[in-house]
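No hydrogens, no waters, no symmetry mates; every other heavy atom, side chains included, goes into these values. Just so we're on the same page: letters track the sequence lines, and every chain starts at 1.
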Amino acid sequence: MEIPKTYDPRSAEERWYSHWMTKGYFHSEPDDREPFTVVIPPPNVTGVLHMGHMLNNTIQDVLVRKARMEGKNACWVPGTDHASIATEAKVVQKLRQEGIKKSDLSRDEFLKHAFDWKEKYGGVILQQLKKLGASCDWERTAFTMDPDYSDSVINVFIDLYNKGKIYRGVRMINWDPEARTALSDEEVIYKEVNSKLFHVRYKIAGSDDQWLTIATTRPETILGDSAICVHPDDPRYKHLHGKFAIVPIANRTVPIITDEYVEMEFGTGCLKVTPAHDVNDYELGKKHDLETIDIFHDNGIVNENGLHYAGKDRFDVRKEIAKELDDKGYLVKVEDHINKVGFSERTDSVIEPRLSLQWFVSMKELAAPALENVMNGNIKFHPDKYKNTYRHWMENVKDWCVSRQLWWGHRIPAYYYGDGEFDFVVAKSAEEALIAAKKKSGNNGLTTADLRQDEDVFDTWFSAWLWPISVFKGLTEPGNAEIKYYYPTNDLVTAPEIMFFWVARMIIAGYEYMGELPFKNVYYTGIVRDKLGRKMSKSLGNSPDPIDLIEKYGADGVRMGILISSPAGNDLPFDSSQCEQGRNFTNKVWNAFRLVTGWEVRPIEQPKSSQKAIEWFEARFNQELANINELMDKFKISEALMAIYKLVWDDFCAWYLEMIKPGYEQPIDQATLDQTIVFFEQLLSLMQPFTPFVAEEIWHLLRERKDGDDIIIAPWPKVKTVDQAVLKQFTVAEEVIINIRNVRKKNNIANKVRIDLFVKKNAELDTAFDSVIVKMGNLSQMEYTTEKIGNANSFLVNSNEFFVPFGELVDVEAEKSKAEEELSYVKGFLNSVQKKLQNEKFVAGAPEQVLASERKKEADALQKIAVLEEKLAGLN
RNA sequence: GGGGGAUUAGCUCAGUUGGUUCAGAGCGCCUGCCUUACAAGCAGGAUGUCGGCGGUUCGAAUCCGUCAUUCCCCA
């Protein structure tokens, strides 16, 4: 049977994924094994796979697959998030294309469209994850709007309300005038934009011609001014303290107040205060008890407070009012100015700070255990530098505005029965609400028809924060077998961008509702960037389609490509050449398999060199295995992968297989082949979490397997004692072999030409690997001598001289300069060592161990110098 | 404006508690090879003021200060 020269991932990937599914390897049920639980960061239900998901989910899959091999009961729960704003925006857009306006639909009609959309496009992303090889327990696929999940969300809100953690309040919020919804701070993107700074003068009340000049980027908000503020220490304005100014156009008289908040250097040092339309002004307004004048409707159109501008758009008004100010002599000057403006993450329209009645969760107390348990290490962050960022945020945590003016999501279970500020109740259903409302109002005549449920839904994160609990029904069926078994989960893999949106809040919910941490480790991935360092995004169009990449390089290749250079928390500058490297690796392994499987076994004696090779690889494998385990424990996943890559490619393929490889058309002995296959299997085991498909494929081709003998559930190798002596011996042999290759190269001696090697032993030299040297160097003989060999290329390993005689072709000058170069290096080295040893302070201060090592270095160097000098003398 | 990182080879990154001439890996690059597993390969090779300056120390990529550059978060 002819085995193809290159590995073809396609058929193997489909075949093995469906095999794993059929066997139920991904499915988990509680049993007596140790659980290993990971919950997926649920992607948006209508999303498609992008490179960020690839990175994130590959890492999770590696962790889960390794845990499975370690004999743990691995459970990776997949699912999707309803993503209220993003999904609603998509549905609105789609309806608009069909000529349907959201405002023409009832809530129920709109939700029907939304669910249709979800049915059609929802879960595409989960199908794509299967192509990547994600070993999720698909039977557990969850959705944040599943009936049971929704119950948890509503229950939690009611519970928090009953605990007094929920309040309804007027707050300055980020208003998206296009989507007509409040946004959380995190949904606002600040961008630098070129704008104008308008200098406008206000007349001092009671004066004839006394003015003060303010600078503003938003002259239209003049109509909402309720004060002028200056710095109390600003000498320019001391005479105005306690006076009043007249707002241009509006002709209102407002106080001139002082506050240290004002930056004297900025603009004119005079600040107009518009509490209704600026966060900082709002704070000032509260502090100084100022009037709040709202001049906008919720869509950004000026309202009746805007006098003759009522009914006009905010940006038009800005231009028109600037003109009116100018015409009336109020506009002093206009400067170009760069300032930061908030934009809506979803609609990209300019955010309008706005006072609005919203629902809030009071966070301070809830956050306390979440802060403590990260800082004390109960929950570990990888890399742990994120603890600082986390602490800073949690110590200054702000109350959480959880209401959104949308329909797609969990509707807020608040019912109003009157027009008063507190004429509402919070309840699970209209029926329960009615009972509560009767009680609260004292009006027993109320009927359900008198109740109006709040129109708003919850912030998406108000459901996502329950994810690790609610996927196991921990809130609706408290104490059930699954939540007891799987919670707390083990590792969470996510992006640092959502540390506050999500991670922090899951931790809060964990302590509040389970009394325990939701996960033990948080691994923060970096941001996937393109070659130019730009974040990969759909809008930039710089993100490759992951599915195309998988088609091109194979899932294993892509998995490797994405992991090979992505240390935790560092950005991943992605380049498809990395996938090429991954694909090349799978092909390398494939060819190693081709080699091993092509040998014919005969009852021949095992060569000494093969014996030594096996001894060495055994030691080498275990040495690296210990290293890999350590790296994995520290979540240094890309380093672990690199170690495996080198172990397979360099140690196994380039060294081991070459050492045991029989000559052309020569047979191999049984013992060597058997051991080689065992080594191969162990390597495949290490590869399995990273490149599961090629590992499974070769696993089954290497030998006949019984049903169920699959590498996905094979045990992770155990570390055995490492024979350090063998490793040390091999290092010497390796150096000799590399030197021989150099001699061949310099003299153009073909590899197939056999050569002689003479060794003059000047120092300790282990001969254990001589048979390997003979084989790898393709030597006709290796002979020990006490004499120098003339007319030969020579090199030095640990002060021992090696000679490769080769006719008359030896370049004496080259040999000389090589020896001189080496001599001068060793002398320099000796010098530095002796300088240290002569330094009394060093001898007094350095620990004994360091001293001993310095003395040994000195002795070695002295011996080497003697050999080199003798050699040079011989050449002259 | 406030807070937190980062700066080591052309690129992406390692570098434990200061101690081998310690400056490393992968990729890329250069040279030579289609050597019967693999050219998606083999063999060999080069590359650095460890961002600058100052300090502590017998000794600093590592500790301290400062400046510069840069990224992130918050306002």
Would you call the rings of Y656(A) and F652(A) parallel, tilted or perpendicular if under 30° counts as parallel and over 60° as perpendicular?
parallel
In whole angstroms, the gap separating C1' of C38(B) from CZ of F652(A) amounts to 14 Å
Partner set under salt bridge (charged side-chain N to carboxylate O under 4.0 Å, His left out) for [X], not counting sequence neighbours:
X       : answer
E665(A) : none
E858(A) : none
E735(A) : none

Quick test: give all pairs of protein nitrogen or oxygen and nucleotides 31-33 of chain B nitrogen or oxygen below 3.5 Å, distance rounded to 0.1 Å.
from, atom 1, to, atom 2, distance (Å)
U31(B), O2, K745(A), NZ, 2.9

Carboxylate-amine/guanidinium contact [X] [Y], below 4.0 Å:
X       : Y       : result
E551(A) : R10(A)  : yes
E681(A) : R703(A) : yes
K364(A) : E395(A) : no

Which comes earlier along RNA chain B counting from the 5' end, the contact point of F585(A) or that of L657(A), where each point is its nearest nucleotide?
L657(A)
For F795(A), the ring pair (Phe, Tyr, Trp, His ring centres under 6.0 Å) test, sequence neighbours excluded, returns F802(A)
Rounded to whole angstrom, note down the P distance from G44(B) over to G4(B).
49 Å
Treat primed atoms plus P, OP1 and OP2 as sugar-phosphate and everything else as base, then score nucleotides 17-27 of chain B 5' to 3': B for base contact with protein heavy atoms under 4.0 Å, S for sugar-phosphate contact only, - for none.
--BSB---SSS
